[in-house]
Amino acid sequence: LDAHPSERAILGNGKPATVSFSSELFRKTSYEGARKLVEHLEGQPFAANIMGYNPYIGRAGECYTAGVDVNFTPKREEILLGDYSQAEVDAFRAWLKDKYRGNVEALREAWKDPKIVFDAASYNNEILRKVDAPGFRDPTVTRLPMDYFEFHNQTMSRFATGMGDVVKQASNRRALYGVYMGYGLSLINQTPGWSQFGGQMQSYQVIRHPSIDFLGGTSDYGRRVLGTAYFSAGFTDSLRENGKMWISECDTRTYRTPYDPSGAFPLTIGGSLQILKRDFAVHLCKGDAFWWRDMSHGKTGRWSMPWYTDDAILDFQRRAVEVAREEINGRRDAAAEIAVFVDEDTCFYQDIYAGTLYNNLLWRMLGDEIHRCGAPYRLYYFDDIENDAIWKRSKLLVMVNPFYLSEARRDFLQKKLKGSGKTVLWFYAPGYVSGATGLQAANISKLTGIQVQADPKGAVLGLKLSPAGLRSLGESAQ
């Protein structure tokens with residue numbers, strides 16, 4: 001980057017950051033370096049011991065793009081969104097030509113700009129961080145921000161899958177390939193703009209790619225203490241449905257781990273063992289892969305102390321490996337009749353400050369409550385909603401956040417649900433955002449059959465029981 005400053009991403013304040021993943025030079029250089037490395041390793045005597053390759057892409061090796069973690073501010077006017085490098089701008093314009101099939105009138109209609117042309121299309125902080133209505137962006141005002149965020153996330157997906165093509169070819173398709181990606185559940189609740197600008201919100205397109213064998217990621221850091229449920233950040237069942245695998249990185253803290261500001265670690269050997277057992281049991285029952293990762297480092301100081309070198313912990317891990325080997329061919333197709341769907345694309349149509357909503361929908365419901373519902377469930381990308389196999393085995397469909405629906409998807413749901421006998425649990429504003437009609441409460445009513453009105457003033461959500469309701473609850477309890 002020092003030798004090629006023009007390949008850096010440029011943030012909304014004009015300052016250079018790390019590399020822009022729209023850089024053709026960076027892509028070609030990275031792919032060529034990966035090809036040489038894999039060919040070298042595949043030619044070594046130990047090549048058969050290499051199971052696969054998991055490249056370090058983006059911030060922290062987790063397929064995040066530059067500038068994703070700079071927006072620690074409650075002030076909308078200070079939020080920085082967008083990569084303004086020439087590489088990104090040129091790539092975005094080419095992407096627009098492809099999306100709108102070279103039809104400039106279609107672009108003008110979508111952006112509500114009668115003078116725009118492909119070669120002059122641009123974006124800025126103001127339009128990307130704007131809000132059209134509480135919590136949402138309106139595509140009938142302009143699709144510019146939705147187009148840019150979709151493009152930006154696809155850029156990372158294309159880089160990751162392109163790297164996979166290189167690795168597969170260099171290893172003669174012998175080795176597995178995957179990346180750290182697919183953290184949709186955790187990204188939506190991050191700092192303002194993280195989900196829109198982070199680079200991971202087109203991960204469903206990644207798992208459909210033939211060169212991808214697995215995605216990997218950590219568990220939720222806030223649920224690594226006693227009394228909490230294990231919460232994977234990945235859509236494990238969608239990967240399985242598409243013939244791929246989710247691998248959890250269990251960098252589980254123990255009592256030997258130095259102080260962590262998050263407080264997400266047990267303080268005793270007993271607590272450490274219980275958390276390790278919980279995590280192992282979840283993966284064993286669901287048939288998901290995982291590895292333990294000890295992130296101690298250095299030769300001196302507190303951080304140099306290994307996390308798992310306690311006799312009791314090592315004894316447990318040895319036994320866990322034995323159990324896993326015994327059960328590896330066991331059936332894992334639990335009769336889950338609950339299908340939970342979470343949508344990636346909706347985040348492009350939401351305000352960058354939608355975190356409070358998702359704190360309730362994801363962190364509380366999916367992170368804490370659904371594990372205690374007393375029934376098994378499967379977790380899917382909303383893109384799998386048209387999968388017939390999922391429909392056949394599911395009685396309850398939990399629609400977490402399909403607040404935006406394309407007209408084709410809206411039509412599919414209305415026809416599929418009618419007379420299906422399925423129970424659907426909707427949250428908040430299903431189908432509220434339409435590319436044709438904008439933000440309309442009538443869109444919700446038409447989709448769900450539930451009459452809904454929008455309150456522009458907003459309100460604190462609550463529940464008030466009538467006397468009849470109280471009597472009903474009392475009778476049910478008895």
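Basis for what follows: all heavy atoms, side chains included, without hydrogens, waters or symmetry-related copies. Numbering of residues begins at 1 and proceeds along the displayed sequence.
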[X], [atom1]: over 12 other non-hydrogen atoms inside 6.0 angstrom:
| X | atom1 | result |
| --- | --- | --- |
| Gln453 | CD | no |
| Lys130 | NZ | no |
| Glu39 | CD | yes |
| Lys422 | NZ | yes |
| Lys15 | NZ | no |

Starting from the C-alpha separation in whole Å, work towards a yes-or-no answer on salt bridge (charged side-chain N to carboxylate O under 4.0 Å, His left out) for Glu24 and Arg27. CA-CA 5 Å; Glu24 283 295 327; Arg27 185 174 11 251; 2.7 Å; yes
To the closest 0.5 Å, what do you measure between [atom1] ([X]) and [atom2] ([Y])?
| X | Y | atom1 | atom2 | result |
| --- | --- | --- | --- | --- |
| Thr142 | Glu109 | OG1 | CD | 10.5 Å |
| Ile352 | Leu128 | CD1 | CG | 9.0 Å |
| Lys416 | Arg409 | NZ | CZ | 12.5 Å |

With the side chain counted from C-beta on, respond yes when [X] and [Y] share a heavy-atom pair under 4.5 Å apart, and no when they do not.
| X | Y | value |
| --- | --- | --- |
| Tyr123 | Tyr84 | yes |
| Glu344 | Asn153 | no |
| Leu397 | Leu417 | yes |
| Asp345 | Glu150 | no |
| Arg378 | Ile390 | no |
| Tyr377 | His371 | yes |
| Val424 | Thr448 | no |
| Glu249 | Phe290 | no |

Residues which pass ring-ring contact (aromatic ring centres under 6.0 Å, His included) with [X], listed by chain and number, not counting sequence neighbours:
| X | answer |
| --- | --- |
| Phe341 | Tyr380 |
| Tyr432 | Phe136 |
| Tyr353 | none |
| Tyr53 | none |

Using the rule side-chain contact (heavy atoms from CB on, under 4.5 Å), only one of Ile444, Val398, Leu447 pairs with Trp426; which is it? Leu447
How about [X] and [Y]: does a side-chain donor come under 3.5 Å of a side-chain acceptor?
| X | Y | value |
| --- | --- | --- |
| Ser171 | Tyr177 | no |
| Thr346 | Asn401 | no |
| Glu407 | Ser434 | yes |
| Tyr404 | Arg410 | no |
| Arg208 | Tyr204 | yes |
| Asn443 | Thr437 | yes |
| Ser6 | Gln86 | no |
| Gln202 | Ser157 | no |
| Asp147 | Tyr100 | yes |

Looking at [X] and [Y], would you say the former's side chain and the latter's main chain have a donor-acceptor pair under 3.5 Å?
| X | Y | answer |
| --- | --- | --- |
| Ser85 | Ala9 | no |
| Ser248 | Thr218 | no |
| Asn387 | Ala389 | yes |
| Glu62 | Gly58 | no |
| Ser394 | Trp391 | no |
| His283 | Asp279 | yes |
| Arg223 | Ala229 | no |
| Lys244 | Leu215 | no |
| Ser219 | Cys250 | no |

Quick test of your reading of the model: are Glu77 and Arg129 salt-bridged, counting only N-O distances below 4.0 Å? no
Salt bridge flag under 4.0 Å for residues Asp411 and Lys415: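 Looking at Asp411 and Lys415, the cut-off is met.
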Salt bridge (charged side-chain N to carboxylate O under 4.0 Å, His left out): pairs with one or both residues in residues 439-451, sequence neighbours excluded: none
Enumerate the salt bridge (charged side-chain N to carboxylate O under 4.0 Å, His left out) contacts for residues 348-358, please, sequence neighbours excluded, ordered by first and then second residue. Arg76-Asp351
Give me the ring orientation class for Tyr381 and Phe235: parallel if the planes are under 30° apart, tilted from 30 to 60°, perpendicular past 60°.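 Geometry flag for Phe235 against Tyr381: parallel rings.
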In terms of relative ring orientation, are Trp303 and His297 parallel, tilted or perpendicular, with 30° and 60° separating the classes?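 Trp303 and His297: parallel rings.
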For [X], check side-chain contact (heavy atoms from CB on, under 4.5 Å) against everything at least two apart and list the hits.
| X | value |
| --- | --- |
| Pro134 | none |
| Glu126 | Asn124 |
| Ala34 | Met163, Val166 |

Between Lys168 and Ser211, what is the shortest heavy-atom contact and its length?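 Nearest pair, atom of Lys168 first, then Ser211: CE-O, 3.5 Å.
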My understanding is that only residues two or more places apart in sequence, or in another chain, count here; which of them pass salt bridge (Lys or Arg N to Asp or Glu O under 4.0 Å) with [X]?
| X | result |
| --- | --- |
| Asp251 | Arg224, Arg253 |
| Asp237 | Arg240, Lys286 |
| Asp2 | Arg8 |

Side chain to side chain donor-acceptor pair (under 3.5 Å) assessment of Glu78 paired with Asn71: CA-CA 8 Å; Glu78 295 179 357; Asn71 292 316; over 6 Å; no
Just do the side chain to side chain contact (heavy atoms under 4.5 Å, CB included) check on Phe26 and His4 with the steps written out, would you? CA-CA 9 Å; Phe26 177 72; His4 302 281; over 6 Å; no
